[in-house]
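Notes follow once the structure below has been shown.
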Amino acid sequence: MTEIRENAEQFVLNVACPNRPGIVHALTSVLIAHECDIAQHQQFDDHVHDMLFTRTAFGLATADADVLRTEIGVVADRFGMTWQLHDARRPVRALVMVSKFGHCLNDLLYRWTAGSLDADIVQVVSNHEDLRPMAERAGVPFTYVPVTKGSKPEAEERLKQIVIENDVDLVVLARYMQVLSDDLCTWMGGRAINIHHSFLPSFKGARPYHQAYLRGVKQIGATAHYVTPDLDEGPIIEQDVTRVDHSLSPDDLVATGRDVESLVLARAVQWHAQHRVLQYGSRTVVFK
Ligand SMILES: Nc1nc2c(c(=O)[nH]1)N[C@@H](CN(C=O)c1ccc(C(=O)N[C@@H](CCC(=O)O)C(=O)O)cc1)CN2
């Protein structure tokens, strides 16, 4: 059962809108009028697109969240805002999808059980049985959903059912090696994160380490991005690299890449769970 946490950052208000004077004053005036305690305010003034992005974390002592939501809506209409008001006391409920590679799942499960992941891992779903012991050792239900060329639609319907039944907020593809259909990507609507094992846009698609080896790279990397119908083209959330050299075989690159894949995915899941990531077209704004 997901526990409600009482803390200073009870709510997070994320806003994106065309830039003009008075935006922050209008937003904070509503919060102050309801005696909200602003714990953190961050903003990005995007001069290229003439947009303003803000993230405001605040406590709500006495006011009614529904009344506050209504009054924020009035300001949003006035400034043409796209906005989300998140209840940060309710941890994001995550479903992790895996195939046979367990390093990212292991890392996420460790961080979650150690209390350093602001998401709750409520389900592990896989098209293979290999990682069931790892999930069940951590006390997380594991559901095997086999996928064959002919059974992908049924498998995806089963996944949708599991997402709905478990009130899932975020699907994490932790080296899940199946391409999600356009329909499922649309249905997920920006609530799925994938870890790609290369520094995108280099080496998209399958076997990126083998592609990197053939190219003779001196760094390999990993990219966490939102999932879209266009494979490995989704808005990037986080990337990192690590050095390699001529002496490493493709298998050595695979082994060397595990740590950076796990770290990059964990950062992306944590920042999404803290409502720090704002999607804007093919880009993201990340308020770290
Ligand atoms: N619609 C999307 N689906 C997926 C994405 C994405 O960005 N959009 N990311 C991939 C992850 N991935 C690389 O990071 C990847 C996974 C799988 C494949 C692939 O060719 N899979 C084959 C089956 C392979 C197998 O059975 O072992 C396939 O689906 O036919 C390429 C890239 C996750 N999904």
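This one's a predicted model, so the numbers in the text were calculated from it and none came from an experiment. Order of appearance sets the numbers: ligands from 1, and atoms from 1 within every ligand.
- Under a 4.0 Å criterion applied to the non-hydrogen atoms of C185, ligand 1 contributes the atoms 1 (N).
- Across N127, L180, V227, L184, heavy-atom proximity to atom 3 (N) of ligand 1 is greatest for L180.
- The H225 neighbourhood of ligand 1 comprises atoms 7 (O), with distances under 4.0 Å to a heavy atom of that residue.
- Within the structure, the closest approach of G234 to ligand 1 does not fall below 4.0 Å when heavy atoms are considered.
- Neither the backbone nor the side chain of H128 has a heavy atom within less than 4.0 Å of ligand 1.
- Contact atoms of ligand 1 toward K149: 30 (O) (distance under 4.0 Å to a heavy atom of the residue).
- Ligand 1 does not have K204 within reach: every non-hydrogen atom of the residue lies 4.0 Å or more from it.
- Ring-plane geometry between F44 and F53 is classed as parallel, the angle between the planes falling under 30 degrees on a 0 to 90 degree scale with a further cut at 60.
- We find that D240 and R267 are joined by a salt bridge, their nearest charged nitrogen and carboxylate oxygen being less than 4.0 Å apart.
- Note that CG of L95 and CD1 of I121 are 10.0 Å apart. Values are rounded to the nearest 0.5 Å.
- For D232, heavy-atom contacts with ligand 1 shorter than 4.0 Å involve the backbone as well as the side chain.
- The proximity of L231 to ligand 1, defined as any non-hydrogen pair under 4.0 Å, involves the side chain as well as the backbone.
- Between L180 and Y176, the closest side-chain pair of non-hydrogen atoms falls below 4.5 Å.
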task = Please step through salt bridge (charged side-chain N to carboxylate O under 4.0 Å, His left out) for the pair D183 and K160, ending with a clear verdict.
result = CA-CA 11 Å; D183 168 71; K160 289 180 182 178; 2.7 Å; yes
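- Contacts with ligand 1 closer than 4.0 Å are made by no heavy atom of E233, backbone or side chain.
- In this structure, atom 8 (N) of ligand 1 lies nearest to the protein heavy atom T228 O, 2.9 Å.
- The nearest non-hydrogen atom to atom 25 (C) of ligand 1, considering only R207, H197, M177, comes from M177.
- Here V147 has no heavy atoms under 4.0 Å from ligand 1, in either its backbone or its side chain.
- The environment of CD in Q219 is crowded: more than 12 heavy-atom neighbours from other residues, nucleotides or ligands sit within 6.0 Å.
- Closest to atom 19 (C) of ligand 1, if we only count protein heavy atoms, is V179 CG2, 3.8 Å.
- Residue-level proximity to ligand 1 for K152 is carried by the side chain, the only part with a heavy atom below 4.0 angstrom.
- With a 6.0 Å radius and a threshold of 12 heavy atoms from other residues, nucleotides or ligands, Y144 has its OH atom above the threshold.
- Listed by number with element, the atoms of ligand 1 under 4.0 angstrom from any heavy atom of L173 are 33 (C), 34 (N).
- In terms of modelled atom types and a separation under 3.5 Å, the side chain of S181 and the main chain of L184 share a donor-acceptor contact.
- The contact set between ligand 1 and Y176, taken as ligand atoms under 4.0 Å from a residue heavy atom, comprises 11 (C), 16 (C), 33 (C).
- Distance alone, capped at 3.5 Å, is enough to place a donor-acceptor pair between the S99 side chain and the M177 backbone.
- A side-chain hydrogen bond (donor to acceptor under 3.5 Å, both in side chains) with R55 is found for exactly one of H275, H86, Q274, Q40, namely Q40.
- Counting only heavy atoms of the protein, atom 13 (C) of ligand 1 lies nearest to H196 ND1, 3.2 Å.
- Using a 4.0 Å cut-off to heavy atoms of I195, the atoms of ligand 1 that qualify are 14 (O).
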message = Test side chain to side chain contact (heavy atoms under 4.5 Å, CB included) on V30 and L68; report intermediate values, then the result.
response = CA-CA 8 Å; V30 171; L68 185 65; 3.8 Å; yes
task = Carefully, step by step, assess W187 and V163 under the rule side chain to side chain contact (heavy atoms under 4.5 Å, CB included).
result = CA-CA 11 Å; W187 188 82; V163 165; 3.6 Å; yes
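- Protein heavy atom nearest atom 34 (N) of ligand 1, with residue, atom name and distance: Q178 O, 2.8 Å.
- Although no hydrogens or angles enter the test, the distance criterion places no donor-acceptor pair under 3.5 Å between the side chain of R191 and the main chain of L170.
- Atom 11 (C) of ligand 1 has as its closest protein heavy atom N194 OD1, 3.3 Å.
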